[in-house]
Amino acid sequence: MIELKDLNKSFRTAAGLVDAVHDVNLRIDDGDIFGIIGFSGAGKSTLVRCMNLLERPTSGQVIIDGTDLCGLGRKQLREARRGIGMIFQQFNLLSQRTVEANIRYPLEIAGTPKAEASKRAAELLEMVDLADKARAYPVQLSGGQKQRVAIARALASNPRIILCDEATSALDPITTASILDLLKRLNEQLGVTIVVITHEMKVVEQICDRVAVMSDGRIVEQGSVHDVFLRPTSDTAKRLIEPSQGALTIDNTPNTLRLAFTGEESGAPVISDMTVQCDVMVNILSANTENIGGKAFGQMLIQLPDDEAARQRIRAYLDSRGILYEESAAVPPAEPVQEEGPREVRAEREKLEDAAVREGSVL
Ligand SMILES: Nc1ncnc2c1ncn2[C@@H]1O[C@H](COP(=O)(O)OP(=O)(O)O)[C@@H](O)[C@H]1O
Ligand SMILES: [Mg+2]
């Protein structure tokens with residue numbers, strides 16, 4: 001378990017003191033995939049670097065499995081750090097070493113005999129699907145392959161925690177998805193706790209269980225991805241989430257129903273089941289549901305039938321399934337069409353019309 005207590009980190013700069021991390025209290029349970037999200041400059045990297053004391057906090061505690069790292073001597077700290085792997089946006093591989101030698105490197109430093117280190121490196125290469133690249137050099141690899149090497153290297157000493165600082169931010173969306181899948185698989189197979197620092201909500205959606213939102217060095221919101229994603233309360237979370245969530249609005253669309261899927265139900269089966277159960281055809285106007293961890297999140301806008309009895313059946317159905325919905329106002333009664341304006345206006349129009357006919361512009 002990782003516990004940060006009253007953590008502060010400030011940097012002295014020419015321009016004065018910068019409070020990069022301010023009064024952070026956070027608990028990350030064993031086996032979690034925990035996201036820390038925020039815009040650039042929020043203090044995420046500083047916070048995660050405090051977790052393994054790459055940055056020494058100005059005050060507060062970094063407690064890993066009950067031990068405050070700040071209280072350890074150099075030798076004990078080195079030992080503790082072996083239990084915490086880290087990967088970065090820029091991979092940080094040694095260009096002069098082969099893939100296999102990069103993975104062996106932390107083991108060599110820790111004094112592991114060469115044969116044992118080689119055996120472990122071979123296992124790790126298998127684990128990250130790069131067995132055929134053992135003798136390649138980093139320059140010969142794609143970004144995704146480099147990050148796999150970095151992940152294998154981070155796993156070399158059998159850490160219980162992996163810290164990922166924008167690990168997929170330099171990768172294209174497909175490669176990002178494959179790296180996130182790999183991290184999820186490692187989390188499931190090895191039980192390793194993963195801390196994911198990112199500025200991308202999609203990354204959090206794809207693999208995290210819980211998330212903390214950071215702004216100006218502070219944690220402004222935290223909770224399950226489900227809750228924070230659906231009901232963001234902080235401005236930062238709303239700004240981060242809205243581009244992917246895209247607010248559907250029913251304000252200007254009469255006779256519609258906005259359904260909110262909050263993870264319990266997936267969208268399509270609900271609609272098809274509803275048409276059968278309620279014996280109505282419904283028209284889906286728009287939808288932005290997303291599948292997160294096998295559950296549907298998002299919203300759907302459907303058109304209501306004209307028949308009030310059918311609408312009533314739909315409401316009862318949604319209520320019985322506990323699906324949140326919001327209904328727009330019924331179609332407003334049509335405004336009586338005014339054939340003619342007031343007398344003076346009519347007279348004016350007739351004059352213009354006559355003139356136009358005379359000029360030949362109206363036939
Ligand atoms: N070594 C440093 N010296 C001075 N200021 C720093 C240093 N590292 C980070 N900062 C400042 O701390 C704040 C948080 O930075 P950082 O933790 O890198 O944020 P993020 O990773 O969320 O983009 C920024 O204002 C940044 O300029
Ligand atoms: Mg950063």
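- Listed for the R313 side chain is a donor-acceptor partner under 3.5 Å among the backbone atoms of C278.
- The salt bridge (charged side-chain N to carboxylate O under 4.0 Å, His left out) contacts involving residues 82-104 comprise E79-R82, R97-E108, E100-R104, R104-E108, where partners must be two or more places apart or lie in separate chains.
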- [ ] With salt bridge (charged side-chain N to carboxylate O under 4.0 Å, His left out) as the test, would you mind laying out the steps for E205 and K202 before giving the verdict?
- [x] CA-CA 5 Å; E205 284 169 14; K202 286 267 169 219; 3.8 Å; yes
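- Here the shortest heavy-atom pairing between L69 and N52 reads CD1-CA, 4.2 Å.
- Using a distance-only test at 3.5 Å, with no hydrogens or angles considered, a donor-acceptor pair links the side chain of E221 to the main chain of T233.
- Contact check for I37 versus M201: side-chain heavy atoms found under the 4.5 Å cut-off.
- For residues 29-40, every residue pair satisfying the side chain to side chain donor-acceptor pair (under 3.5 Å) rule, not counting sequence neighbours, is listed here: R27-D29.
- For D306, the CG atom is loosely surrounded, since the number of other residues' heavy atoms within 6.0 Å does not exceed 12.
- Around the CD1 atom of I174, the shell of radius 6.0 Å holds no more than 12 heavy atoms that belong to other residues, nucleotides or ligands.
- Nearest heavy-atom pair, I87 versus Q147, reported as atom, atom and distance to 0.1 Å: CB-OE1, 4.0 Å.
- No side-chain heavy atom of D165 sits under 4.5 Å from any side-chain heavy atom of Q89.
- For the residue pair V280 and P305, the shortest heavy atom distance occurs at CG1-CG, 4.3 Å.
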TODO: Please lay out, stage by stage, how R321 and Y317 fare under the test side chain to side chain donor-acceptor pair (under 3.5 Å).
DONE: CA-CA 6 Å; R321 296 199 59 164; Y317 174 85; 2.7 Å; yes
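- Using modelled atom types, one side-chain atom of N102 and one backbone atom of T98 make a donor-acceptor pair closer than 3.5 Å.
- Ion pairing of R185 with E188 is absent here, as no side-chain N (NZ or NE/NH1/NH2) approaches a carboxylate O to less than 4.0 Å.
- Partners of N25 under the side-chain hydrogen bond (donor to acceptor under 3.5 Å, both in side chains) rule, at least two apart in sequence or in another chain, are D6.
- The heavy-atom pair separating P106 from A156 by the smallest distance is CG-CB, 3.9 Å.
- Pairs engaging residues 7-25 under the salt bridge (charged side-chain N to carboxylate O under 4.0 Å, His left out) rule: K9-E55 [sequence neighbours left out].
- Cluster partners of I109, by chain and number: L94, Y105. The rule joins Ile, Leu, Val, Met, Phe, Trp and Tyr whenever side-chain heavy atoms lie under 4.5 Å apart.
- Looking only at side-chain heavy atoms (C-beta outward), M300 and I271 come within less than 4.5 Å of each other.
- Remark: the backbone N or O of R210 is not paired with any side-chain donor or acceptor of S224 at under 3.5 angstrom.
- Residue-environment remark: CG (N92) exceeds the threshold of 12 foreign heavy atoms within 6.0 Å.
- By the 4.5 Å heavy-atom criterion applied to side chains, M86 and I162 are not counted as neighbours.
- Using a 4.5 Å heavy-atom threshold, the side chains of M274 and L318 count as touching.
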- [ ] Carefully, step by step, assess T175 and D172 under the rule side chain to side chain donor-acceptor pair (under 3.5 Å).
- [x] CA-CA 5 Å; T175 312; D172 63 70; 2.8 Å; yes
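- Distance alone, capped at 3.5 Å, places no donor-acceptor pair between the Q206 side chain and the V203 backbone.
- Listed by first and then second residue, the salt bridge (charged side-chain N to carboxylate O under 4.0 Å, His left out) pairs that reach into residues 64-77 come to none, sequence neighbours excluded.
- L130 and R148 get closest at one heavy-atom pair: CD1-CB, 3.6 Å.
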TODO: Begin from the C-alpha positions of M51 and L4 and carry the test side chain to side chain contact (heavy atoms under 4.5 Å, CB included) through to its verdict.
DONE: CA-CA 8 Å; M51 288 184 193; L4 305 179; 3.9 Å; yes
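- Across all non-hydrogen atoms, the minimal contact from L171 to F91 is CD2-CZ, 4.0 Å.
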Open item on the list: Checking E327 against R315 for the salt bridge (charged side-chain N to carboxylate O under 4.0 Å, His left out) test, could you report, in this order, the C-alpha distance in whole Å, the side-chain angles of both residues, the deciding distance, and whether it holds?
Closed with: CA-CA 10 Å; E327 206 170 324; R315 291 183 203 110; 2.8 Å; yes
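- A 4.5 Å side-chain heavy-atom check between S215 and S234 finds every atom pair outside the cut-off.
- Judged by distance alone, with hydrogens and angles left aside, the side-chain atoms of K5 form no donor-acceptor pair with the main-chain N or O of V62 at under 3.5 Å.
- Using a 4.5 Å heavy-atom cutoff, the side chains of V99 and R135 are not in contact.
- Counting heavy atoms from C-beta outward, L190 and L155 have side chains that approach closer than 4.5 Å.
- Counting non-hydrogen atoms of other residues, nucleotides and ligands closer than 6.0 Å to CD of Q96 gives a total of 12 or fewer.
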TODO: Show your working on salt bridge (charged side-chain N to carboxylate O under 4.0 Å, His left out) between E116 and K119 and close with a plain yes or no.
DONE: CA-CA 5 Å; E116 195 184 321; K119 183 164 167 282; over 6 Å; no
